[in-house]
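Worksheet for the structure shown next.
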Amino acid sequence: MTDRYEPGGIEPKWQARWEADQLYRAPDRHERPKFFFLTMYPYPSGDLHIGHWYAEAPADARARYLRMRGYNVLFPIGFDAFGLPAENAAIRDGIHPYVRTRQNIERMRTQFRAMGACFDWSREVVTCEPEYYRWNQWFFLRLYQAGLAYRARAAVDWCPKCNTTLAREQVWGDDRRCERCGTPVIRKELDQWFFRITKYADELLDFSRIDWPERVVTMQRNWIGRSEGAEIDFMLDAPALEGERISVFTTRPDTVFGVTFMVLAPEHPLVARLTTPDRRAEVESYVTEATRRTEVERQSAEREKTGVFTGSYCVNPYNGERVPVWVGDYVLMTYGTGAVMGVPAHDERDLVFAHRYGLPVRCVVAPPDWDGGEPAEAYVDPGRMVNSAQFDGLPNDEGKRAVTEWGERQGFARPRVTYRLRDWLISRQRYWGTPIPILYCDACGAVPVPESDLPVLLPEDAQFLPTGESPLKYHDGFRKTRCPRCGRPAERETDTMDTFVDSSWYQYRYLSPHDDDAPFDPELGRYWLPVDVYTGGIEHATMHLLYTRFFTKAIRDLGLTTNDEPVLRLFNQGIILGPDGQKMSKSRGNVVNPDDQVAKYGADAVRSYLMFIGPWDEGGPFSMRGIEGVSRWLNRVWNLVLDTPELPAHGDEATERDLLRAVHKTIRRVTDDLERFRFNTMIAALMEYTNALQKVREVRAVSLAKWNDAARTLLLLTAPAAPHATEELWARLGLPYSVHQQSWPEYDPTLAADEILAVAVQVNGKTRGRIEVSVDADQDTVSRQALASDAIRGWIDGREVRRVVYVRGRLVNIVVQ
RNA sequence: GCCGGGGUGGCGGAACUGGCAGACGCGGCAGACUUAAAAUCUGCGGCCGGAAGGCAUGCGGGUUCGAAUCCCGCCCCCGGCACCA
């Protein structure tokens, strides 16, 4: 018997050898075509969990495959090293974030090496190092100069547990919780820095240049939330407010003749002045009540729509009608103009409101079979306009444009597009992030730090105290400085940047990670960019993946790149669950530790098993039995390759042809599956091929030469999934190092094609038997053969054959009376 | 409510463009090897039925020679958006 397969012995050996030989360095200039394969870089939590393996191992297999296909593959790795956990840990146990983060990274590097991943470590980026984050500051200054970064006072979301503000994208769910810790957020009025992502709203809605999953595209579309409509001005008809107006945004200008009331958000600036003395007490108490309610309460659709009349009226410019102005907390100050025209006949919410307060309902878009009265339910479908003066009879979708145009000519309406998307709030009231390169001078105001003074270093001697406030606020050495304009004392901004700023451009830094002159070398950008394939979890669909698209467009406009999009193709892997089918968590006790699995079965088995589990984008439960099955397969491959049978010099011709067919079919299947990220069926194909080789070996009817070719093909095709075992076997066969530098096998379609096919014979669509036919047999031949076969005769005897359908190579269907 | 994805054996899953449903793996059963066990190898495995045969891809219809796949109407699960005017 040959040596047993012992991954624990061979895996570290090859990892060291590959590293020493710099096998996976991606040269910057090369005659081969480039392929930039990016995976989402991890946060250095200090332990590589099974989710990291699931994200990286199948991606690594595909990167290896692309190398064998002849691409110059850039497959980099780095660490998303700023962020809250390290800072919280510092407050808890006094270890400085730098120290802990660097320790964590060191440990994870070791674990990544044990995976056998073919990363080009020479390009590693670590975002908490000044050589990285100085470029965050540099980009910030450029965006500031271009008017794409600005400071504003606004009501923003604050996480009371993380003690910082959050971007809209980081507030999740209908109960508005912090994306990181799940704590419900609260509103705070603060001065904060923003990136003007809304400037790119329309361009971000254009997905025509990229091949991204429908799911992500939809989520981004929803998030941006573009709606087209009109803004219409209603003049106020109140003694003290002569000449002032309320503007509303509506997507239904065609219903403007149906307006029977107006509703303002409680925060609307006109509310106080509009309120008549007799209504004041009631309105004021309503407004106070509304502002006291939480955001979640306010936005709950189930809540009853309440409101209060201000006592004032405005005038519908289209028909001159006086319309009462109400205040209602279902109207949001943060969307549109903070005022809504009430058209109860054609809007469900307005109808509820009108019924509650006895306001009139006037139908202006006729439902089919309209009786001239008011509809019982809000009618929102298409129809012809009625009760609408000169627009009567017009289909309402045309009416939208006609009404807006007419109002525009009169000067009280204009087309308008509104977005749900808000500018990206990047200020964080925390230490462990990139300092925002701004200082405040009493004389000059907010002053950008000159580029030549970058980086603004994060002071390492900060105090981490459980006060909830950033240590930078109390660090005089950091805070106190001089104004570069006037030389007088000034104070630095103590907020740091959202870590999503780091990840918005890290792919570019991989090109020249130690470049001191620029964030990345534009020359290299011309070769490597854009990213060809990006893989990672779906959870970043509207955060990171939206921000990085914005960033690329913004720096394109700054002249730093010519690409419109950062990533051509996106693929989202799913989530690995515990063996019980539940999300892995320490409290459930269902966590699978990859290090344990590697110790037991080897990295190759863990990699292959993760690929075999199911479709990569679906994830699924980790099965302890399942990984044993894959481990058994690798053992079979091992024994099959090393235990070469006694074989004749000349084999049996038919058996050899069958073997060759299996070889070429398998190459085709494995290649197609890798192209489509179908790793599960790729492993299944390799298993089938292994089983076929085992059968051939038992028969001993092929020549040694043919056998060797078949066995080598097995190693080449398995190399991406199980890089160590295949390297070892390749070496033991005496073949030249390295299996990973061999060319990917090509398949020949003619050799993969069958000559004799087993065809199912159906009678009236039910399979009753099967026959063997040659590939090129025509329908006549096949149907004659089918009708004559014993298994079929009993089913058709005495019945009239009405029709015979032959699907080449698949089946014959005999249709009888 | 709107949008996207899904529902297939005991389990994970497979099935090109409408063409033999259940590849591959797990578990199970039977056998070989072994004093025995483990490991390994071989065979059998959708359900009902002794068999013939029938029934089967969430449910109900339809189109078709033929439907897991296409169409219509539902149910359930996952994710996103949602008082957004």
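Computed from a prediction, not measured in an experiment: that's the story for all the values here.
When rounded to the nearest whole Å, the span between CH2 of A:Trp616 and P of B:A14 equals 16 Å. For the pair A:Leu577 CG and B:C78 C1', the interatomic distance rounds to 12 Å; values are reported in whole Å. The distance from atom CG of A:Leu332 to atom C1' of B:A85 is 9 Å, rounded to the nearest whole Å. In this entry the distance linking CD of A:Glu675 with C1' of B:C16 reads 17 Å, nearest Å. Whole-Å rounding puts the A:Glu772 CD to B:C20 C1' distance at 14 Å. Regarding A:Arg215, its CZ atom lies at a distance of 18 Å from the P atom of B:C3, rounded to whole Å. If you measure from atom CD1 of A:Ile538 to atom P of B:G80, you get 10 Å, rounded to the nearest angstrom. As rounded to whole Å, 12 Å separates atom C1' of B:A14 from atom CD of A:Glu618.
Base pairing of B:A37 is not made with any nucleotide, judged by Watson-Crick or G-U wobble geometry with both donor-acceptor distances under 3.5 Å. The base-pairing partner of B:G4, taking Watson-Crick or G-U wobble contacts with both distances under 3.5 Å, is B:C78. Pairing of B:G53, defined by two Watson-Crick or G-U wobble distances under 3.5 Å, is identified with B:C48. With a 3.5 Å ceiling on both atom-pair distances, the Watson-Crick or G-U wobble partner of B:A30 is B:U42. The base-pairing partner of B:C83, taking Watson-Crick or G-U wobble contacts with both distances under 3.5 Å, does not exist among the strands shown.
Listed nucleotides: B:G19, B:G4, B:A85. Nearest to the side chain of A:Gln762: B:G19. The A:Asn222 side chain lies nearest to B:G80 when the options are B:G80, B:C65, B:C41. Residue A:Arg678 has its side chain nearest to B:A14 when only B:G4, B:C20, B:A14 are considered. Taking only side-chain atoms of A:Asn691, from C-beta outward, the nucleotide of B:G80, B:G25, B:G4 with the closest atom is B:G25. Side-chain atoms of A:Leu811 lie closest to B:C20 of the nucleotides B:C41, B:C65, B:C20. Of the candidate nucleotides B:C81, B:A85, B:C20, B:A85 has the atom nearest to the side chain of A:Tyr335. Residue A:Met687 places its side chain closer to B:G25 than to any other of B:G19, B:G25, B:G4. Of the candidate nucleotides B:A85, B:C24, B:G54, B:C24 has the atom lying nearest to any side-chain atom of A:Phe612. Residue A:Asn813 has its side chain nearest to B:G66 when only B:G66, B:C24, B:A14 are considered. Picking from B:A85, B:C24, B:G12 the nucleotide with the shortest atom distance to the side chain of A:Pro621 gives B:G12.
Contact annotation for A:Arg676: no contact, since no heavy-atom pair falls under 4.0 Å across all strands. When heavy atoms are screened at a 4.0 angstrom cut-off, A:Asn680 is found touching the sugar-phosphate backbone but no base atom. Residue A:Ser227 is classed as a sugar-phosphate contact, given heavy-atom separations below 4.0 Å to backbone atoms only. Using a 4.0 Å heavy-atom criterion, one finds that A:Ser623 contacts no nucleic acid atom at all. Contacts of A:Arg802 with the nucleic acid, taken as non-hydrogen atoms under 4.0 Å apart, are absent. Using a 4.0 Å heavy-atom criterion, one finds that A:Pro615 contacts the sugar-phosphate atoms exclusively. Contact annotation for A:Trp633: no contact, since no heavy-atom pair falls under 4.0 Å across all strands. Residue contacts shown for A:Arg770 include a base, since a base heavy atom lies under 4.0 Å away. Residue-level contact check: A:Val815 touches the backbone only, with heavy atoms under 4.0 Å from sugar-phosphate atoms and none from bases. Residue contacts for A:Ala541: at a heavy-atom cut-off of 4.0 Å it reaches no nucleic acid atom on any strand shown.
Between A:Arg810 and B:U17 there is no side-chain polar atom (N or O) within less than 4.0 angstrom of OP1 or OP2. OP1 or OP2 of B:G27 lies within a sub-4.0 Å distance of a side-chain N or O belonging to A:Arg625. Put simply, A:Arg632 has a side-chain N or O that comes within less than 4.0 Å of OP1 or OP2 on B:C26. For B:C24, the OP1/OP2 oxygens have no side-chain nitrogen or oxygen of A:Thr681 closer than 4.0 Å. Listed pair A:Lys766 / B:A67 fails the phosphate criterion, with no side-chain N or O lying under 4.0 Å from OP1 or OP2. Dashed line: the shortest gap from a side-chain N or O of A:Arg803 to OP1 or OP2 of B:C65 is under 4.0 Å. Not one side-chain nitrogen or oxygen of A:Arg808 sits closer than 4.0 Å to the OP1 or OP2 atom of B:U17.
Base orientation at B:G9 is syn, since its O4'-C1' glycosidic dihedral falls within 90° of 0. Taking the O4'-C1'-N9-C4 or O4'-C1'-N1-C2 dihedral as appropriate, B:G45 has a value within 90° of 0 and is therefore syn.
Nucleotides B:A32 and B:C78 are separated by 47 Å at their C1' atoms, to the nearest Å. Spacing between B:C71 and B:U63 at atom P, rounded to whole Å, works out to 16 Å. Across the P atoms, B:G58 and B:G53 are found 27 Å apart, a figure rounded to whole Å. Going from the P atom of B:C70 to that of B:A85 covers 33 Å, rounded to whole Å. Look at the P atom in both B:U57 and B:G7: the space between them is 13 Å, to the nearest Å. Remark: the separation of the C1' atoms in B:C72 and B:C26 is 39 Å, to the nearest Å.
Comparing A:Ala685 and A:Gly338 against RNA chain B, the residue whose closest nucleotide sits nearer the 5' end is A:Ala685. RNA chain B is contacted by both A:Gln694 and A:Trp172; A:Gln694 maps to the nucleotide lying nearer its 5′ end (nearest heavy atom per residue).
The closest side-chain heavy-atom distance from A:Tyr330 to A:Val263 is below 4.5 Å. Between A:Val592 and A:Pro579 the shortest side-chain heavy-atom distance falls below 4.5 Å.
Using cut-offs of 30° and 60° on the angle between ring planes, the pair A:Tyr335 and A:Phe249 is perpendicular. Relative ring orientation between A:Trp638 and A:Tyr5 is described as tilted, the plane-to-plane angle lying within the 30° to 60° band.
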| A:Ile575 and A:Tyr54: side chain to side chain contact (heavy atoms under 4.5 Å, CB included), yes or no, with the steps? | CA-CA 8 Å; A:Ile575 295 169; A:Tyr54 196 55; over 6 Å; no
| said: The test is side chain to side chain donor-acceptor pair (under 3.5 Å); show your working for A:Arg549 and A:Gln220 and say whether it passes. | reply: CA-CA 11 Å; A:Arg549 290 182 67 216; A:Gln220 294 205 345; 2.8 Å; yes
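Using a 4.0 Å cut-off between charged nitrogen and carboxylate oxygen, A:Arg414 and A:Asp233 count as a salt-bridge pair. Under the 4.0 Å criterion applied to side-chain N and carboxylate O atoms, A:Glu698 and A:Arg700 are not assigned as salt-bridge partners.
Two rings, from A:Tyr601 and A:Tyr609, have their centers 6.0 Å or more apart.
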Less than 3.5 Å apart, which donor and acceptor atoms pair up between the side chains of residues 763-774 of chain A and the rest of the protein, not counting sequence neighbours?
unit_1: A:Asn764; atom_1: OD1; unit_2: A:Val816; atom_2: N; d: 3.0
unit_1: A:Ser774; atom_1: OG; unit_2: A:Asp776; atom_2: OD1; d: 3.0

